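Take a look at the structure below.
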Amino acid sequence: MDRGFFARPTPEVARALLGHEIVREDPDPARLRIVETEAYLGPEDPGSHATRGPETQAGRLWEEPGQAYVYVCYGIHQMLNVVAHEPDRIGAVLVRAAEPVDGLGRMQERRGREAPTEIASGPGRLAEALGVTRSEHDGVDLTRGSLRFEAGEEVAAEQVAVTGRIGLSEGGDHLLRFLDRDSSHVSRSLADDPDHGLADVELRKR
DNA sequence: AATAGGATTTCCT
DNA sequence: GGAAATCCTATTC
(Lines give C-alpha, C1' and ligand atoms only; values in the text may rest on other atoms or scores of the structure.)
Protein backbone atom coordinates (compact mmCIF):
# COMPACT_ATOMS: atom_id res chain seq x y z
CA MET A 1 0.00 0.00 0.00
CA ASP A 2 1.43 3.41 -0.88
CA ARG A 3 1.47 6.54 1.24
CA GLY A 4 -1.48 8.08 -0.59
CA PHE A 5 -3.71 5.28 0.66
CA PHE A 6 -3.27 6.57 4.21
CA ALA A 7 -3.53 10.27 3.36
CA ARG A 8 -7.34 10.26 3.33
CA PRO A 9 -10.01 10.84 5.97
CA THR A 10 -9.28 8.44 8.84
CA PRO A 11 -12.64 6.57 8.84
CA GLU A 12 -12.31 6.03 5.10
CA VAL A 13 -8.88 4.47 5.56
CA ALA A 14 -10.18 2.27 8.38
CA ARG A 15 -12.92 0.95 6.13
CA ALA A 16 -10.61 0.58 3.10
CA LEU A 17 -8.02 -1.46 5.01
CA LEU A 18 -10.42 -4.39 5.39
CA GLY A 19 -9.44 -7.23 3.09
CA HIS A 20 -5.86 -6.00 2.70
CA GLU A 21 -2.98 -7.72 4.40
CA ILE A 22 -0.52 -7.02 7.18
CA VAL A 23 2.74 -8.87 6.60
CA ARG A 24 6.02 -9.32 8.42
CA GLU A 25 9.15 -10.72 6.80
CA ASP A 26 11.66 -10.71 9.65
CA PRO A 27 12.51 -12.75 11.64
CA ASP A 28 10.05 -15.17 10.09
CA PRO A 29 7.31 -14.61 7.52
CA ALA A 30 3.72 -14.01 8.56
CA ARG A 31 0.71 -12.78 6.62
CA LEU A 32 -2.79 -11.95 7.80
CA ARG A 33 -5.94 -10.61 6.16
CA ILE A 34 -7.37 -7.63 8.04
CA VAL A 35 -10.99 -8.08 9.14
CA GLU A 36 -11.50 -5.39 11.81
CA THR A 37 -10.28 -1.82 12.37
CA GLU A 38 -11.15 1.29 14.35
CA ALA A 39 -10.68 4.96 13.47
CA TYR A 40 -9.34 7.41 16.05
CA LEU A 41 -9.54 11.07 15.11
CA GLY A 42 -8.09 14.34 16.42
CA PRO A 43 -8.53 16.09 19.81
CA GLU A 44 -12.25 16.57 19.05
CA ASP A 45 -12.65 12.80 19.42
CA PRO A 46 -12.89 11.99 23.15
CA GLY A 47 -11.83 8.40 22.54
CA SER A 48 -8.63 9.36 20.75
CA HIS A 49 -5.17 9.62 22.27
CA ALA A 50 -4.98 12.92 20.39
CA THR A 51 -6.74 14.43 23.43
CA ARG A 52 -3.41 13.96 25.24
CA GLY A 53 -1.84 16.55 22.97
CA PRO A 54 0.99 16.70 20.43
CA GLU A 55 3.72 16.82 23.09
CA THR A 56 2.96 13.30 24.32
CA GLN A 57 3.67 9.96 22.66
CA ALA A 58 0.37 10.47 20.86
CA GLY A 59 2.06 13.30 18.93
CA ARG A 60 2.61 10.55 16.38
CA LEU A 61 -1.01 11.11 15.31
CA TRP A 62 0.01 14.50 13.93
CA GLU A 63 2.80 13.06 11.80
CA GLU A 64 3.13 11.66 8.30
CA PRO A 65 0.53 9.03 7.34
CA GLY A 66 1.66 5.44 6.81
CA GLN A 67 3.86 5.11 9.89
CA ALA A 68 3.19 2.90 12.90
CA TYR A 69 1.83 4.21 16.20
CA VAL A 70 2.40 1.45 18.75
CA TYR A 71 1.59 1.84 22.43
CA VAL A 72 1.06 -0.42 25.42
CA CYS A 73 -2.42 -0.91 26.82
CA TYR A 74 -3.22 -2.12 30.33
CA GLY A 75 0.48 -2.64 30.87
CA ILE A 76 0.51 -5.81 28.81
CA HIS A 77 -0.85 -5.53 25.31
CA GLN A 78 0.80 -3.78 22.39
CA MET A 79 -1.59 -1.96 20.05
CA LEU A 80 -0.70 -1.56 16.38
CA ASN A 81 -2.05 1.55 14.67
CA VAL A 82 -1.22 3.22 11.38
CA VAL A 83 -1.20 7.01 11.16
CA ALA A 84 -3.91 7.98 8.66
CA HIS A 85 -5.38 11.38 7.91
CA GLU A 86 -5.73 14.09 5.30
CA PRO A 87 -2.96 16.69 5.01
CA ASP A 88 -2.96 19.00 8.07
CA ARG A 89 -5.32 16.76 9.99
CA ILE A 90 -4.88 14.19 12.78
CA GLY A 91 -5.72 10.54 13.28
CA ALA A 92 -4.82 6.85 13.15
CA VAL A 93 -6.39 3.48 12.50
CA LEU A 94 -6.15 0.69 15.08
CA VAL A 95 -5.79 -2.74 13.46
CA ARG A 96 -8.00 -4.85 15.70
CA ALA A 97 -8.28 -8.29 14.13
CA ALA A 98 -7.06 -10.37 11.21
CA GLU A 99 -7.23 -13.82 9.73
CA PRO A 100 -4.01 -15.86 9.43
CA VAL A 101 -3.05 -16.47 5.80
CA ASP A 102 0.56 -17.56 6.10
CA GLY A 103 3.06 -18.38 8.82
CA LEU A 104 0.43 -19.87 11.11
CA GLY A 105 2.85 -22.20 12.90
CA ARG A 106 5.10 -19.46 14.24
CA MET A 107 2.12 -17.32 15.21
CA GLN A 108 0.63 -20.23 17.15
CA GLU A 109 3.91 -20.48 19.03
CA ARG A 110 4.02 -16.79 19.89
CA ARG A 111 0.38 -16.82 20.97
CA GLY A 112 0.52 -20.08 22.83
CA ARG A 113 -2.71 -21.24 21.23
CA GLU A 114 -3.74 -23.39 18.32
CA ALA A 115 -7.14 -22.27 17.05
CA PRO A 116 -6.77 -19.97 14.02
CA THR A 117 -9.66 -17.83 15.28
CA GLU A 118 -7.69 -17.12 18.49
CA ILE A 119 -4.49 -16.03 16.77
CA ALA A 120 -5.31 -12.40 15.96
CA SER A 121 -8.95 -11.82 16.98
CA GLY A 122 -8.21 -8.73 19.08
CA PRO A 123 -5.65 -5.91 18.94
CA GLY A 124 -3.39 -7.32 21.67
CA ARG A 125 -3.57 -10.77 20.12
CA LEU A 126 -2.73 -9.47 16.67
CA ALA A 127 0.37 -7.67 17.90
CA GLU A 128 1.49 -10.70 19.85
CA ALA A 129 0.98 -13.00 16.86
CA LEU A 130 3.13 -10.70 14.70
CA GLY A 131 5.70 -10.03 17.41
CA VAL A 132 5.03 -6.29 17.23
CA THR A 133 6.29 -4.19 20.14
CA ARG A 134 6.32 -0.51 20.94
CA SER A 135 10.09 -0.40 21.44
CA GLU A 136 10.79 -2.10 18.12
CA HIS A 137 8.03 -0.79 15.89
CA ASP A 138 6.67 2.57 17.03
CA GLY A 139 7.33 5.02 14.19
CA VAL A 140 8.35 2.51 11.52
CA ASP A 141 7.20 3.04 7.94
CA LEU A 142 4.41 0.56 7.23
CA THR A 143 4.36 1.22 3.47
CA ARG A 144 7.71 -0.55 3.05
CA GLY A 145 10.08 -2.58 5.20
CA SER A 146 9.80 -5.84 7.10
CA LEU A 147 6.48 -4.95 8.70
CA ARG A 148 4.07 -3.49 6.16
CA PHE A 149 0.66 -3.52 4.54
CA GLU A 150 0.13 -5.25 1.21
CA ALA A 151 -2.79 -5.02 -1.15
CA GLY A 152 -5.28 -7.87 -0.90
CA GLU A 153 -8.83 -8.14 -2.10
CA GLU A 154 -11.15 -5.30 -1.17
CA VAL A 155 -14.24 -6.27 0.84
CA ALA A 156 -17.56 -5.62 -0.92
CA ALA A 157 -19.70 -2.74 0.35
CA GLU A 158 -22.61 -4.89 1.55
CA GLN A 159 -20.21 -6.98 3.60
CA VAL A 160 -18.71 -4.15 5.69
CA ALA A 161 -20.46 -3.24 8.96
CA VAL A 162 -19.82 -0.31 11.34
CA THR A 163 -20.35 -0.35 15.09
CA GLY A 164 -19.32 1.70 18.08
CA ARG A 165 -15.74 1.35 19.21
CA ILE A 166 -14.80 -1.17 21.90
CA GLY A 167 -13.44 -0.57 25.37
CA LEU A 168 -13.76 3.21 25.55
CA SER A 169 -15.07 5.18 28.51
CA GLU A 170 -15.93 8.08 26.21
CA GLY A 171 -16.62 8.34 22.51
CA GLY A 172 -17.55 4.68 22.13
CA ASP A 173 -20.89 5.56 20.64
CA HIS A 174 -19.38 6.97 17.46
CA LEU A 175 -19.68 4.49 14.62
CA LEU A 176 -15.99 4.09 13.89
CA ARG A 177 -15.36 0.35 14.17
CA PHE A 178 -15.32 -1.43 10.84
CA LEU A 179 -15.54 -5.18 10.31
CA ASP A 180 -16.06 -7.88 7.75
CA ARG A 181 -19.48 -9.17 8.79
CA ASP A 182 -18.78 -12.70 7.53
CA SER A 183 -15.47 -13.20 9.27
CA SER A 184 -15.11 -15.50 12.27
CA HIS A 185 -11.80 -13.84 13.16
CA VAL A 186 -13.19 -10.59 14.63
CA SER A 187 -12.74 -9.61 18.28
CA ARG A 188 -16.45 -9.71 18.92
CA SER A 189 -19.35 -10.70 16.76
CA LEU A 190 -21.75 -8.30 15.11
CA ALA A 191 -24.64 -9.90 16.96
CA ASP A 192 -23.29 -8.39 20.20
CA ASP A 193 -23.67 -4.87 18.79
CA PRO A 194 -27.36 -4.06 18.54
CA ASP A 195 -26.50 -0.64 17.15
CA HIS A 196 -24.65 -1.34 13.96
CA GLY A 197 -24.93 -0.14 10.40
CA LEU A 198 -23.64 -0.56 6.88
CA ALA A 199 -20.25 1.10 6.61
CA ASP A 200 -20.59 2.80 3.26
CA VAL A 201 -24.01 4.23 4.13
CA GLU A 202 -22.63 5.80 7.30
CA LEU A 203 -19.52 7.12 5.58
CA ARG A 204 -21.66 8.84 2.96
CA LYS A 205 -23.49 10.81 5.64
CA ARG A 206 -20.42 12.96 6.25
C1' DA B 1 -22.14 -19.55 28.99
C1' DA B 2 -21.15 -15.76 31.86
C1' DT B 3 -18.53 -13.09 35.05
C1' DA B 4 -14.75 -11.67 38.05
C1' DG B 5 -10.06 -10.79 38.97
C1' DG B 6 -5.21 -10.55 37.91
C1' DA B 7 -1.40 -9.43 34.92
C1' DT B 8 2.01 -5.40 34.85
C1' DT B 9 4.18 -1.08 31.48
C1' DT B 10 4.00 3.50 30.04
C1' DC B 11 2.68 7.95 30.31
C1' DC B 12 0.94 11.83 32.66
C1' DT B 13 -0.99 14.28 37.10
C1' DG C 1 0.16 6.99 42.09
C1' DG C 2 -3.43 5.92 38.95
C1' DA C 3 -5.56 5.12 34.63
C1' DA C 4 -5.28 2.93 30.27
C1' DA C 5 -8.19 1.84 22.72
C1' DT C 6 -7.06 -5.92 26.72
C1' DC C 7 -6.61 -10.89 27.35
C1' DC C 8 -6.45 -15.06 29.99
C1' DT C 9 -7.81 -18.14 33.63
C1' DA C 10 -10.66 -19.75 37.12
C1' DT C 11 -14.96 -20.14 39.11
C1' DT C 12 -19.67 -20.23 39.01
C1' DC C 13 -24.24 -21.01 36.96
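Source: prediction; values computed, not measured. The sequence lines fix the lettering, A, B, ..., with proteins before strands; numbering per chain opens at 1.
For residues 92-101 of chain A, every residue pair satisfying the salt bridge (Lys or Arg N to Asp or Glu O under 4.0 Å) rule, not counting sequence neighbours, is listed here: A:Arg33-A:Glu99, A:Glu36-A:Arg96, A:Glu38-A:Arg96. Pairs passing the salt bridge (Lys or Arg N to Asp or Glu O under 4.0 Å) check and including a residue from residues 47-58 of chain A, sequence neighbours excluded, do not occur.
More than 12 non-hydrogen atoms from other residues, nucleotides or ligands lie less than 6.0 angstrom from CD of A:Glu44.
If you check residues 185-194 of chain A against DNA chain C, you find no residue with a heavy atom closer than 4.0 Å. Against DNA chain B, the stretch residues 66-85 of chain A makes heavy-atom approaches under 4.0 Å through A:Val72, A:Tyr74, A:Gly75, A:Ile76. Of the residues in residues 88-96 of chain A, those with a non-hydrogen atom less than 4.0 angstrom from any atom of DNA chain C are A:Leu94. Taking every heavy atom of residues 40-65 of chain A and every atom of DNA chain B, pairs under 4.0 Å involve A:Thr56, A:Gln57, by number.
Residue A:Val23 is found outside any hydrophobic cluster, as its side-chain heavy atoms come under 4.5 Å of no other Ile, Leu, Val, Met, Phe, Trp or Tyr.
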Filtered N/O pairs between nucleotides 8-11 of chain C and protein, under 3.5 Å:
{"from": "C:dC8", "atom 1": "OP1", "to": "A:Arg111", "atom 2": "NH1", "distance (Å)": "2.8"}
{"from": "C:dC8", "atom 1": "OP1", "to": "A:Arg111", "atom 2": "NH2", "distance (Å)": "2.6"}
{"from": "C:dC8", "atom 1": "OP2", "to": "A:Arg125", "atom 2": "NE", "distance (Å)": "2.9"}
{"from": "C:dC8", "atom 1": "OP2", "to": "A:Arg125", "atom 2": "NH2", "distance (Å)": "2.4"}
{"from": "C:dT9", "atom 1": "OP1", "to": "A:Arg113", "atom 2": "NH2", "distance (Å)": "3.3"}
{"from": "C:dT9", "atom 1": "OP2", "to": "A:Arg113", "atom 2": "NH2", "distance (Å)": "2.8"}

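Under the 30°/60° scheme for interplanar angles, the aromatic rings of A:Phe149 and A:Phe6 are found to be tilted.
Chain A approaches DNA chain B within less than 4.0 angstrom (heavy atoms of the protein), and the contacting nucleotides run 5' to 3' from B:dA7 to B:dC12.
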Review item, side-chain donor-acceptor pairs of residues 84-92 of chain A, under 3.5 Å, at least two apart:
{"from": "A:His85", "atom 1": "ND1", "to": "A:Arg89", "atom 2": "O", "distance (Å)": "3.0"}
{"from": "A:His85", "atom 1": "NE2", "to": "A:Glu63", "atom 2": "O", "distance (Å)": "2.7"}

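Remark: A:Glu154 engages no residue in a salt bridge (Lys or Arg N to Asp or Glu O under 4.0 Å) (not counting sequence neighbours).
Side-chain contact between A:Arg148 and A:Thr143 is absent, with no heavy-atom pair separated by less than 4.5 Å.
Two different hydrophobic clusters hold A:Leu126 and A:Ile166 under the rule that ILVMFWY side chains link at heavy-atom gaps under 4.5 Å. No path of Ile, Leu, Val, Met, Phe, Trp and Tyr side chains, each step under 4.5 Å between heavy atoms, connects A:Val83 with A:Phe5, placing them in separate hydrophobic clusters.
Ion pairing between A:Arg31 and A:Glu21 holds under the 4.0 Å rule for side-chain N and carboxylate O.
Remark: DNA chain C forms stems of 3 or more consecutive Watson-Crick or G-U wobble pairs, all pair distances under 3.5 Å, at B:1-7 with C:6-12, B:9-12 with C:1-4.
Atom CG of A:Leu147 is separated from atom CD of A:Glu136 by 9.5 Å, given to the nearest 0.5 angstrom.
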